[in-house]
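What follows is a single structure, written as structure tokens, with notes after it.
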Amino acid sequence: MGFREMSAWVMAVLMAALGLFYLANVSSGTQALGEVAPPDIRLISVATVLLVVGAVLAHIVAAAASPEDANAPEDERDKLVVWRAGNVSGWVLGSGVFVGLWHFYFQGNGNIMFHILVMSLIVSQLTASLLEAYYYRRGL
């Protein structure tokens with residue numbers, strides 16, 4: 001497995017863990033309050049720091065496992081893989097934003113809209129990472 005495929009798998013696992021962490025915290029806050037939990041800058045900050053630290057450490061390990069691939073420039077195949085995965089990921093993000101905005105239009109709850117948009121970002125990045133790994137594995 002090459003560095004870029006390992007990187008895609010690492011980011012997929014990190015984004016899935018981040019999504020579950022965020023969802024669990026919002027769910028527990030919602031249950032404790034009896035209504036949808038408002039946006040929490042501490043939760044967003046902790047999630048962001050955990051993601052960055054996890055990504056840096058995992059990429060250091062991946063680069064050490066495959067140093068020749070880590071330093072290789074991006075070729076045409078790599079660009080195509082990232083482009084195709086990013087295209088689908090953009091549609092996922094756009095759909096989530098659309099759902100969040102329509103939900104706000106009909107329900108008027110900004111807290112739910114905020115959480116829908118954050119989860120759309122997470123699911124979009126997870127989609128991009130999984131598709132990159134799939135395309136590399138498939139030999140695109």
Side-chain angles (χ1 to χ4, degrees):
M1 184 179 322
F3 173 75
R4 287 183 172 78
E5 184 182 349
M6 273 192 277
S7 174
W9 281 113
V10 162
M11 290 309 296
V13 168
L14 287 172
M15 291 309 294
L18 177 71
L20 292 173
F21 172 76
Y22 184 81
L23 197 57
N25 278 284
V26 170
S27 294
S28 67
T30 297
Q31 288 176 350
L33 292 173
E35 61 183 35
V36 177
D40 183 5
I41 191 66
R42 290 172 292 152
L43 174 60
I44 299 293
S45 299
V46 167
T48 301
V49 168
L50 289 175
L51 177 65
V52 169
V53 169
V56 168
L57 293 176
H59 281 90
I60 289 171
V61 171
S66 184
E68 64 283 343
D69 276 352
N71 292 325
E74 195 175 59
D75 62 10
E76 292 301 315
R77 176 178 173 247
D78 297 326
K79 290 177 185 177
L80 182 61
V81 164
V82 171
W83 178 82
R84 287 184 71 184
N87 184 42
V88 175
S89 173
W91 280 99
V92 170
L93 178 60
S95 299
V97 169
F98 186 77
V99 167
L101 292 174
W102 275 104
H103 185 276
F104 181 74
Y105 178 77
F106 288 111
Q107 300 296 320
N109 190 330
N111 291 342
I112 294 176
M113 182 183 75
F114 180 87
H115 297 307
I116 289 172
L117 297 179
V118 170
M119 285 306 295
S120 295
L121 287 169
I122 293 169
V123 170
S124 172
Q125 186 58 48
L126 176 61
T127 301
S129 298
L130 288 173
L131 285 174
E132 283 179 26
Y134 172 74
Y135 292 148
Y136 278 120
R137 178 64 49 174
R138 194 175 109 184
L140 179 69

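Treat the numbers as computed from the prediction; the structure is a model and nothing was measured.
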> Under a 4.0 Å N-O cut-off, is there an ion pair linking Asp75 with Arg77?
Replying inline: no
> Is a side-chain donor or acceptor of Thr48 paired with a backbone partner of Ile44 at a separation under 3.5 angstrom?
Replying inline: yes
>> Return the OH to CZ distance between Tyr136 and Phe3, rounded to the nearest 0.5 Å.
In response: 10.0 Å
> Asn87 side chain to Trp83 main-chain N or O, any donor-acceptor pair under 3.5 Å?
Replying inline: no
> Under a single-linkage definition using a 4.5 Å side-chain heavy-atom cutoff for Ile, Leu, Val, Met, Phe, Trp and Tyr, are Met113 and Val99 assigned to the same hydrophobic cluster?
Replying inline: no
>> Rounded at 0.5 Å granularity, tell me how far CG in Asp40 sits from NE2 in His115.
In response: 8.5 Å
> Are Asp78 and Pro73 side-chain neighbours, meaning at least one heavy-atom pair lies under 4.5 Å?
Replying inline: no
> Going from CH2 on Trp9 to OG on Ser129, what distance comes out if it is rounded to the nearest 0.5 angstrom?
Replying inline: 10.0 Å
> Salt bridge check: are Arg4 and Glu132 linked by an N-O gap of less than 4.0 Å?
Replying inline: no
>> With clusters defined by side-chain heavy atoms of hydrophobic residues (ILVMFWY) lying less than 4.5 Å apart, directly or transitively, does Leu93 cluster with Leu101?
In response: yes
> Taking the six-membered ring for Trp, are Tyr105 and Trp102 parallel (under 30°), tilted (30 to 60°) or perpendicular (over 60°)?
Replying inline: perpendicular
> About how many Å separate OH of Tyr134 and CZ of Arg84, when rounded to the nearest 0.5 Å?
Replying inline: 8.5 Å
>> Test your reading of the model: is there a side-chain donor-acceptor pair from Ser89 to the backbone of Thr127, 3.5 Å cut-off?
In response: no
>> Do Val46 and Phe21 make a side-chain contact, defined as non-hydrogen atoms from C-beta onward lying under 4.5 Å apart?
In response: yes
> Atom CG in Leu126, atom CE in Met11: separation rounded to 0.5 Å?
Replying inline: 10.0 Å
> Are Leu43 and Val26 close enough, and set up right, to give a side-chain contact (heavy atoms from CB on, under 4.5 Å), and what steps lead you there?
Replying inline: CA-CA 9 Å; Leu43 174 60; Val26 170; 4.0 Å; yes
>> Show the nearest heavy-atom pair for residues Leu14 and Gly54, with the distance to one decimal.
In response: CD1-C, 3.6 Å
> Do the side chains of Val118 and Leu50 join up, straight or via other hydrophobic residues, at under 4.5 Å, putting them in one cluster?
Replying inline: yes
>> If you compare all heavy atoms of Gly19 against all heavy atoms of Ile122, which two are closest, and at what distance to 0.1 Å?
In response: CA-CG2, 3.7 Å
> Is there a path from Ile112 to Leu117 through hydrophobic residues (I, L, V, M, F, W, Y) whose side chains come within less than 4.5 Å of each other?
Replying inline: no
>> Applying a strict under-4.5 Å side-chain criterion to I, L, V, M, F, W and Y, I'd like to know whether Leu18 and Val56 cluster together.
In response: no
> Quick one: CG on Asn111 to CD1 on Ile116, what's the gap to the nearest 0.5 Å?
Replying inline: 11.0 Å
> Just by modelled atom types, is the Asn109 backbone N or O under 3.5 Å from a matching donor or acceptor in the His103 side chain?
Replying inline: no
> What's the shortest heavy-atom distance between Ser66 and Met6, and which atoms?
Replying inline: CB-CE, 3.8 Å
> By side-chain hydrogen bond (donor to acceptor under 3.5 Å, both in side chains), which residues pair with His59, not counting sequence neighbours?
Replying inline: Ser7
